[in-house]
Amino acid sequence: MNSIAQRVAQQSQQQTTELLLHALQEGLPIVERPYQALAQQLGWSEDQVISELDALAGSDRVRRMGIVVKHRPLGFKANAMVVWDIPDDKVDAVAALMSKYEGVTLCYERPRRMPEWPYNLFCMIHGYQRDQVLDRLAQMVKDLELGDIDHQPLFSTRCFKQCGGRYVNKPKSQLGAGHG
Amino acid sequence: MVDSAVQQETTLDTIDRQLINDYQSGFPLDPNPYQLVGDKLGISEEEVIQRISRLLDDGYLTRFGPLFNIEEFGGLFTLTAMEVPMDRFEEVNEIVNGFSEVAHNYEREHQLNMWYVLACESQQETDEVLERLHQATGIKPYPFPKLQEFYIGLRFEA
């Protein structure tokens, strides 16, 4: 079934995607016909760029397409990584509820490190100031009845490296290996 | 559950805010996307282009385009923490930030006071970098690899 022709087709699709991702690393050109500008750069048609982007936007490789903001200049100066010791069988349900709160941007289950680190759920809460983050946390504890659950907010006091919103500065690309 | 946050002192006007709030999770795939955005906001295509350029220049936006999921490219992110004695903080910080694999380094209020993300190609590379960090600083880095991801919103209201 998996003929050579199929494999070649898969490979060339992969290369197409890599090229497009590479061209997009610095973002969409801010000109009247941005997809056409990308097309010229790649030697493709504008239609091809749009349809490849459409496929990419729906794939797992891109979390989302659009404006990537810097949160600090927008006034979001306070952030706490709140760590919780949630019973393992409740993690999924609690995390799903937490993620609905305004200011919550990330939520992960991570391994405990006993005895000194009993926390298995990490959620990031952003706010304009520290008090607002603490208010959001207090509201969450109250609403979700987490008062008996051991938790701690770890506020950030300083940020040293790459505090913008840029998650990838070098897509791990075979074709783009020469760059970044 | 929604608290209408007080808007902060910025140079943003209503249209800037609308632009930022409406286009963080999608953008028109049309030959003239900025024209469509302009139609929605009641401004010209040219003004959309000017506004986005200004927001980029003024540092409100990092980029206009895709937010990648690094792990789908074969990479691995690992949150890592260290307990750094305060009198060594600056020195250790400099060493840690010197590693190209280190991103998003924050000082946090806890005994584990330095938190950063390692971006590596594989688990093997991550283990090697952890070992090198340990050797370079004399402090043991504790990795907190993710077991499960529940939510990546990363949307901010302007």
Side-chain angles (χ1 to χ4, degrees), chain A residues 24 26-28 30-36 46 50 53-54 56 60-71 73-76 81 95-96 99-102 104-111 113 128 132 136 152 154-168 171-173, chain B residues 1-3 5-6 8-10 19-20 23-27 29 31-34 45 49 52-53 56 59-70 72-75 79 93 97 102-110 115-116 121 142 144-154 156 158:
Chain A
L24 271 171
E26 297 305 319
L28 196 63
I30 317 293
V31 297
E32 273 181 28
R33 302 278 292 264
Y35 305 117
Q36 192 179 58
E46 186 181 33
I50 290 178
L53 268 175
D54 197 18
L56 196 57
D60 291 338
R61 311 184 81 186
V62 171
R63 293 192 187 280
R64 56 183 181 74
M65 300 278 287
I67 289 175
V68 183
V69 304
K70 287 190 187 166
H71 60 266
L74 285 176
F76 292 89
M81 184 173 74
S99 65
K100 297 215 164 57
Y101 279 77
E102 192 169 344
V104 174
T105 52
L106 300 164
C107 200
Y108 293 104
E109 183 185 8
R110 302 186 187 275
R113 293 191 171 278
Y128 292 129
Q132 187 186 32
R136 286 174 171 175
Q152 287 193 50
L154 274 64
F155 276 93
S156 74
T157 36
R158 285 183 286 173
C159 173
F160 301 107
K161 199 178 175 186
Q162 278 187 31
C163 308
R166 182 147 198 189
Y167 269 61
V168 169
K172 312 286 182 183
S173 137
Chain B
M1 279 215 252
V2 175
D3 56 350
V6 198
Q8 293 297 289
E9 286 286 319
T10 60
L19 185 61
I20 291 173
Y23 293 99
Q24 284 179 56
S25 41
F27 196 70
L29 284 167
N32 294 93
Y34 302 114
E45 180 180 28
I49 289 171
I52 293 173
S53 307
L56 283 165
Y60 290 108
L61 311 183
T62 304
R63 202 153 29 91
F64 197 73
L67 189 64
F68 297 109
N69 187 3
I70 190 182
E72 292 296 318
F73 296 86
L79 181 68
N93 187 41
N97 289 341
V102 169
H104 304 282
N105 183 1
Y106 284 91
E107 180 186 30
R108 293 192 181 276
E109 294 171 352
H110 191 269
W115 291 80
Y116 49 85
E121 301 270 354
Y142 293 98
F144 290 89
K146 78 174 178 197
L147 300 177
Q148 206 181 160
E149 175 177 322
F150 295 100
Y151 182 67
I152 292 270
L154 277 170
F156 293 94

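Fair warning: this is a prediction, and the values are worked out from it, not measured in the lab.
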Heavy-atom pairs under 4.5 Å with chain A, option from B:Ile52, B:Asn97, B:Leu19 with the top count: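 Heavy-atom pair counts peak at B:Asn97.
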Which of B:Tyr142, B:Phe27, B:Phe144, B:Trp115 touches chain A most, by non-hydrogen pairs under 4.5 Å: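 When all of B:Tyr142, B:Phe27, B:Phe144, B:Trp115 are compared, B:Phe144 has the most.
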Distance from [X] atom [atom1] to [Y] atom [atom2], nearest 0.5 Å?
X        : Y        : atom1 : atom2 : value
A:Cys107 : B:Lys146 : SG    : NZ    : 12.0 Å
A:Leu28  : B:Phe64  : CG    : CZ    : 6.0 Å
A:Leu106 : B:Glu149 : CG    : CD    : 8.0 Å
A:Phe160 : B:Asn93  : CZ    : CG    : 4.5 Å

Contacting region of A:Gln36 [heavy-atom separation from chain B under 4.5 Å]: neither
A side-chain contact here means heavy atoms from C-beta on lying under 4.5 Å apart; do [X] and [Y] qualify?
X       : Y       : result
B:Tyr34 : A:Ile30 : yes
B:Tyr60 : A:Leu74 : yes
B:Asn32 : A:Arg33 : yes

Side chain to side chain contact (heavy atoms under 4.5 Å, CB included) evaluation trace for A:Met81 with B:Leu79: CA-CA 12 Å; A:Met81 184 173 74; B:Leu79 181 68; 4.1 Å; yes
Heavy-atom pair with the smallest gap, counting every atom of B:Pro31 and A:Pro34: O-CD, 4.1 Å
B:Leu56 versus chain A, the contacting section by heavy-atom distance below 4.5 Å: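 For B:Leu56, the side chain is the part near chain A, not the backbone.
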Candidates B:Glu109, B:Arg108, B:Glu107 - the one meeting side chain to side chain donor-acceptor pair (under 3.5 Å) with A:Thr157: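 Testing A:Thr157 for a side chain to side chain donor-acceptor pair (under 3.5 Å) against B:Glu109, B:Arg108, B:Glu107 leaves exactly one candidate, B:Glu107.
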Stepwise side chain to side chain contact (heavy atoms under 4.5 Å, CB included) check, A:Tyr35 with B:Leu29: CA-CA 8 Å; A:Tyr35 305 117; B:Leu29 284 167; 3.6 Å; yes
Option that, when pairs with chain B are counted at under 4.5 Å, heavy atom only, ranks first among A:Leu56, A:Leu53, A:Leu24, A:Ile50: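 Of the candidates given, the most pairs with chain B belong to A:Ile50.
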Chain B interface, residue from A:Glu32, A:Gln152, A:Glu46 that has the most non-hydrogen pairs under 4.5 Å: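 Ranked by contacts with chain B, first place is A:Glu32.
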